[in-house]
Amino acid sequence: MAENLVIVESPAKAKTIANYLGKDFNVVSSFGHVRDLSRKKLGIDIGKGFSPEYEVPDEKRKVVAELKKAAASAKYVWIASDEDREGEAIAWHIIRVLGLDAANTRRIVFHEITKEAIERAVANPRQVDMNLVNAQQARRVLDRIVGFEISPVLWKKVQPSLSAGRVQSVAVRLIVEREREVIAFTPESAFRVTARFTLTGSSGDGVIGAESTRRFTTQKEALEFLKVCAGARFTVSSVNIKPGKRSPAPPFITSTLQQEAYRRLGYSVSQTMSVAQRLYEGGKITYMRTDSTNLSKSSLAAAAAAVKQQFGERYSKTRQFRTRSKGAQEAHEAIRPTYPDKESITGTQQEKRLYDLIRKRMLASQMADAEIERTTVVISAEESDVNFTATGEVVKFDGFLRLYGEISEDEKQNGEAPAMPPVKEGAELEYESVTATERFTSPPPRYTEASLVKKLEELGIGRPSTYAPTISTIQNRGYVAREDRPGTPRESRVLILKGDDIESEVKREMAGKEKAKLFPQDIGMIVNDFLADNFGDIIDYRFTATVEEQFDNIAEGNEEWTGMLERFYSKFHPAVEKSLAKSEKKTGERLLGNHPETAEPVYAKMGRYGPIIQIGEASDEVKPRYAGLLGGQLIETITLEEALELFRLPRTVGEHEGNEVIAGIGRFGPFVRYRSKFYSLRKGVDDPHTIQLDRALEVIAEKDERDSKKVIAEMGEYRVLNGRYGPYISFKGKNYRIPSGSEPEKLTPEQCREIVEKGDKRKRKK
DNA sequence: CAGTGAGCGAGCTTCCGCTTGACTT
């Protein structure tokens with residue numbers, strides 16, 4: 001038995017370290033925290049100095065038992081959890097849960113997993129830092145109090161099962177406020193003038209694309225300018241060549257990896273994390289939850305060697321980046337390939353692409369700046385004081401761009417800045433065309449998952465391990481949804497001057513088209529407004545930064561952690577009491593106007609099952625009429641006309657064989673109903689408002705046909721069915737997968753029974 | 001699962017951060 005037991009947080013890390021430490025060390029993992037506050041109860045005795053009641057959760061029992069056993073047979077226990085607030089607390093909890101003796105327990109830390117770093121750590125053990133542990137306890141207890149005291153207020157005042165918290169509520173607030181900016185935005189248009197010039201005569205040849213230095217607010221002004229341009233003599237009035245350079249971005253941390261994987265590969269935040277997790281477990285990359293851009297010495301050397309080997313000496317430049325994010329705890333390295341010289345890996349397509357991105361970003365960060373020559377040409381005509389400018393870019397030395405090109409939003413739209421033909425001052429030009437295009441200003445952009453992470457990180461809210469879960473939480477609670485929008489058609493006017501003729505055109509474009517953007521939902525807006533009214537301090541963007549400062553004070557030993565909580569709670573708890581004392585329930589009710597025929601009031605508000613329109617006031621005599629809002633409609637913005645439109649459904653389409661055919665829109669979209677069976681209508685194909693009986697019957701027949709094919713075979717209680725994931729067996733309300741290789745049509749009842757029994761066994765193992 | 005609800009009441013929901021499974025009928 002090994003004399004030494006080393007406990008780290010992650011099993012993948014344990015495996016690597018074991019290789020460096022050799023036979024005398026048994027390296028095991030705690031799988032993160034081993035205990036926490038009770039899941040059900042508040043778990044804090046506020047009256048007794050905020051004393052926390054910790055429990056080992058069920059799923060951690062096994063790990064703890066194994067750790068205990070391993071510790072009992074070791075002479076020395078080394079706890080090598082991360083060197084940050086959470087890591088220190090993990091170490092302390094392990095000591096308490098395992099009942100370890102301080103005398104033979106050693107706390108060690110390392111920031112990178114290299115032989116040298118680990119040997120240095122082992123040579124310098126220390127004790128658990130209780131100040132740091134207390135800072136974590138303060139953080140934990142504060143988050144629990146905020147979450148577990150505000151959420152029940154929401155259950156009473158808004159809706160059951162809702163939640164609020166220091167991180168998620170700010171995330172929702174960002175999205176709600178951005179949406180309101182978009183709603184309040186009115187686009188303005190102006191005419192942007194571009195021209196294509198050709199060099200003439202002795203000036204050489206080539207084409208230059210240029211843009212006017214002025215924009216014109218009205219079509220009339222734009223037209224007048226084009227008239228001035230017609231027949232004007234254009235010359236190059238100045239040529240300015242400026243050298244410039246571009247530097248590579250730092251290697252990835254969690255938030256930048258999520259952003260780039262979204263931008264370049266289209267991965268969602270959670271997708272990126274799970275692919276990265278697999279790469280990490282396979283030993284292909286370093287740890288993927290990190291806020292540090294630091295690179296280990298050995299990886300810098302490996303990267304330099306790889307760059308020199310692939311591109312030559314001139315391309316290599318060793319750099320170390322300073323971490324810039326707020327509140328970074330820097331317990332790990334940047335995300336990089338374990339072996340930077342390894343160009344590709346085996347794995348799924350997704351894994352290969354993400355690895356490639358991580359590797360290129362890291363190697364590029366160790367490459368030389370790109371050298372660029374930017375040419376700006378000013379073109380003018382005597383007839384007008386409005387000039388044209390053209391810019392061209394020539395890459396003199398590509399440096400890191402060779403490996404990791406940039407894609408800015410501009411470049412995505414316009415492509416690379418065009419190359420410029422060589423021109424001299426005074427060169428004469430002729431226009432091929434001059435085009436005035438009406439352009440509209442855009443509202444501030446809605447958040448994507450990735451840009452929300454970026455914003456949260458800027459505000460210092462949340463940690464690398466929580467970005468992805470937070471985004472899931474606010475979607476699971478129904479506060480926000482990731483949606484596409486087709487946009488609305490908009491006309492843009494275009495004037496084109498060619499020769500002496502000016503033509504006008506109207507271009508149709510889609511305004512406000514969105515893909516995978518985060519949209520607030522009604523319940524998110526109502527909860528946000530409720531929190532803003534009652535708990536403004538908590539959802540203030542600076543709240544986390546303020547408490548983080550206090551946690552830092554505790555960590556440095558300058559403040560008692562219970563004192564800090566005392567001060568916080570003495571202000572926070574009265575706000576909870578006050579919000580409970582207010583009797584009204586928040587439904588976000590909004591009066592849209594009065595019904596044009598009956599003059600009854602029409603309201604938009606939150607119902608038990610979602611947002612609804614209500615016509616009429618509820619009383620003993622009057623029973624109001626209700627209709628649900630459609631996807632994309634908001635209580636805040638729906639108009640009276642749109643609201644009344646909703647009452648045209650459900651409608652009777654007609655009668656077939658003595659039964660009514662009804663069309664409507666339900667929780668899962670538009671449908672027709674026939675003999676109490678529902679048939680979904682495809683968006684963009686059939687509209688429940690207008691669908692006719694013959695078409696409705698077609699839809700019904702199609703689905704009945706599909707359903708009849710659903711049953712492959714029926715053998716008493718066993719039914720072989722066709723499902724979303726292929727054929728399966730249905731037995732007593734439970735479903736079972738059919739092993740691959742067997743033909744579902746030819747299954748016998750005996751084979752079915754076997755499959756079901758095997759399936760049940762698998763389930764029971766869990 | 002396809003409507004926005006009788007009445008009453010018990011029981012439930014919830015945080016953030018550290019980790020990885022199990023599970024895809």
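Since the model is a prediction, treat every value here as computed from it, not as a measurement. Every chain is numbered from 1 and lettered A, B, ... according to where its sequence line falls, protein lines coming before strand lines.
Rounded to a whole Å, the CZ atom of A/Arg673 is 16 Å from the P atom of B/dC1. In this structure, CG of A/Leu630 is placed 14 Å from C1' of B/dA2, rounded to the nearest angstrom. Regarding A/Lys703, its NZ atom lies at a distance of 13 Å from the P atom of B/dC1, rounded to whole Å.
Using a 30° and 60° split on the angle between ring planes, A/Tyr54 and A/His93 fall in the perpendicular class, above 60°.
Heavy-atom neighbours of A/Arg96 CZ from other residues, nucleotides or ligands within 6.0 Å: at or below the threshold of 12. Summarising the local packing, CZ of A/Arg590 is surrounded by more than 12 heavy atoms from other residues, nucleotides or ligands at distances under 6.0 Å.
Stacking of A/Arg477 on the aromatic ring of A/Tyr479 is not recorded, the 6.0 Å distance cut-off and the 45° axial limit not both being met. For the pair A/Arg35 and A/Trp92, the distance from NZ or CZ to the six-membered ring centre is under 6.0 Å and the angle to the ring normal is within 45 degrees.
With salt bridges taken as basic N to acidic carboxylate O contacts below 4.0 Å, one links A/Arg139 and A/Glu86. Under the 4.0 Å criterion applied to side-chain N and carboxylate O atoms, A/Lys455 and A/Glu449 are not assigned as salt-bridge partners.
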Nucleotide by nucleotide, 5' to 3', does protein get under 4.0 Å of the base (B), only the sugar-phosphate (S), or neither (-) in nucleotides 10-20 of chain B, counting heavy atoms?
---BBBBBBBS

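A search for side chain to side chain donor-acceptor pair (under 3.5 Å) contacts involving A/Thr16 returns nothing, not counting sequence neighbours.
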Which dot-bracket string fits DNA chain B when only Watson-Crick or G-U wobble pairs with both atom distances under 3.5 Å count, crossing pairs get [ ], and | stands for a partner on a different strand?
.........................

